[in-house]
Amino acid sequence: VWIAGDRVTPDGLISVGVGETVLVVAGDGDTTSIPVPAGAGGRWAWLGSQIGMGTMRTLSSDGAKLLLTLTDPNDSSSTIPTRLVVVDIEKGTADIVFEAPGGLEAFWARDDRTAIVLHSGAGGEVGLTSVTAVDTVTAVATTIDDAVPDGFEVIAGP
């Protein structure tokens with residue numbers, strides 16, 4: 001899976017890790033292009049450590065679904081992921097299931113239906129991490145209170 005179509009920002013820098021298309025290359029070389037969902041705006045963003053949380057398991061166990069993010073549709077130079085998207089690799093579809101303006105990262109829970117989303121606390125305060133379980137089928141979000149103590153960070157997910 002590749003993110004394609006990196007752009008040059010207004011200040012002349014290349015935006016690495018963001019793009020307009022997710023490109024899925026199958027074992028036999030066939031490719032599927034998945035654009036940013038219609039009307040969503042922003043760009044695809046790699047679920048890296050933009051907000052300092054580390055590497056997470058973003059591919060479902062069966063290899064059919066991928067957790068990716070989109071940048072803020074109102075800030076063309078931003079690389080911060082603000083919206084969680086479930087990409088169905090087999091169907092070539094993408095659905096936004098959660099938003100967090102201060103940036104987010106996510107990983108699959110063991111059921112491969114629930115995404116555990118780590119995002120900045122209220123107002124995007126550094127060092128405050130909120131944890132939300134998101135049912136990726138219904139988009140119902142449940143906050144997990146006191147999951148990460150103030151000043152601590154999650155550095156990896158299962």
Side-chain angles (χ1 to χ4, degrees), residues 1-9 14-120 129-144 147-148 153-158:
V1 177
W2 301 87
I3 293 179
D6 290 346
R7 288 200 250 173
V8 175
T9 62
I14 295 174
S15 295
V16 177
V18 295
E20 289 77 30
T21 303
V22 169
L23 183 63
V24 180
V25 181
D28 62 4
D30 284 347
T31 60
T32 302
S33 295
I34 304 170
V36 169
R43 295 173 288 163
W44 290 110
W46 172 249
L47 266 175
S49 55
Q50 277 283 358
I51 54 176
M53 292 184 196
T55 303
M56 309 294 174
R57 183 177 73 88
T58 57
L59 186 64
S60 61
S61 295
D62 64 3
K65 296 181 289 183
L66 180 66
L67 293 175
L68 284 180
T69 55
L70 291 172
T71 62
D72 186 338
N74 301 312
D75 184 354
S76 63
S77 65
S78 178
T79 59
I80 296 172
T82 60
R83 295 168 293 160
L84 180 65
V85 180
V86 175
V87 176
D88 187 313
I89 293 172
E90 293 174 348
K91 294 179 183 175
T93 60
D95 296 303
I96 298 170
V97 295
F98 186 77
E99 296 187 35
L104 63 86
E105 294 191 45
F107 59 90
W108 288 108
R110 289 191 177 134
D111 65 4
D112 278 341
R113 175 179 169 141
T114 305
I116 305 301
V117 183
L118 308 167
H119 49 101
S120 298
T129 303
S130 297
V131 180
T132 303
V134 178
D135 181 318
T136 61
V137 174
T138 65
V140 171
T142 305
T143 301
I144 303 170
V148 180
E153 292 183 3
V154 176
I155 60 168

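Heavy atoms only: backbone and side chains are in, while hydrogens, waters and symmetry mates are out. Quantities reported herein were computed from a predicted structural model and do not represent experimental measurements. Numbers for residues simply follow the sequence, beginning at 1.
- Using a 4.5 Å heavy-atom cutoff, the side chains of Ile89 and Leu59 are in contact.
- Shown here for Leu84 and Leu68, the closest heavy-atom pair between the two residues is CD1-O, 3.5 Å.
- Residues Val36 and Pro73 have side chains not in contact (no heavy-atom distance under 4.5 Å, counting atoms from C-beta outward).
- When all heavy atoms are compared, the tightest approach of Ile34 to Ala94 is CG2-CB, 4.1 Å.
- For Ser33 against Thr21, the heavy-atom pair with the smallest separation is CB-CG2, 3.7 Å.
- Taken from NE2 in His119 to OG1 in Thr132, the straight-line distance is 3.0 Å, to the nearest 0.5 Å.
- When all heavy atoms of Ala141 and Val134 are compared, the pair lying nearest together is CB-CG2, 4.2 Å.
- Remark: side-chain polar atoms of Trp108 are paired, donor with acceptor, to backbone N or O of Thr58 under 3.5 angstrom.
- When all heavy atoms are compared, the tightest approach of Gly103 to Ile80 is CA-CG2, 3.6 Å.
- Looking at heavy atoms from C-beta onward, Phe107 lies in side-chain contact with Leu118 at the 4.5 angstrom threshold.
- Taking all atoms of both residues into account, the shortest heavy-atom contact from Ala64 to Ser60 is N-OG, 3.3 Å.
- Between Leu70 and Trp44 the shortest side-chain heavy-atom distance falls below 4.5 Å.
- Using a distance-only test at 3.5 Å, with no hydrogens or angles considered, no donor-acceptor pair links the side chain of Arg83 to the main chain of Asp72.
- When side chains are defined from C-beta on, Thr138 counts as touching Arg113, because their heavy atoms get closer than 4.5 Å.
- The residue from Thr142, Val117, Thr143, Ile144 that alone fulfils the side chain to side chain contact (heavy atoms under 4.5 Å, CB included) condition with Val131 is Ile144.
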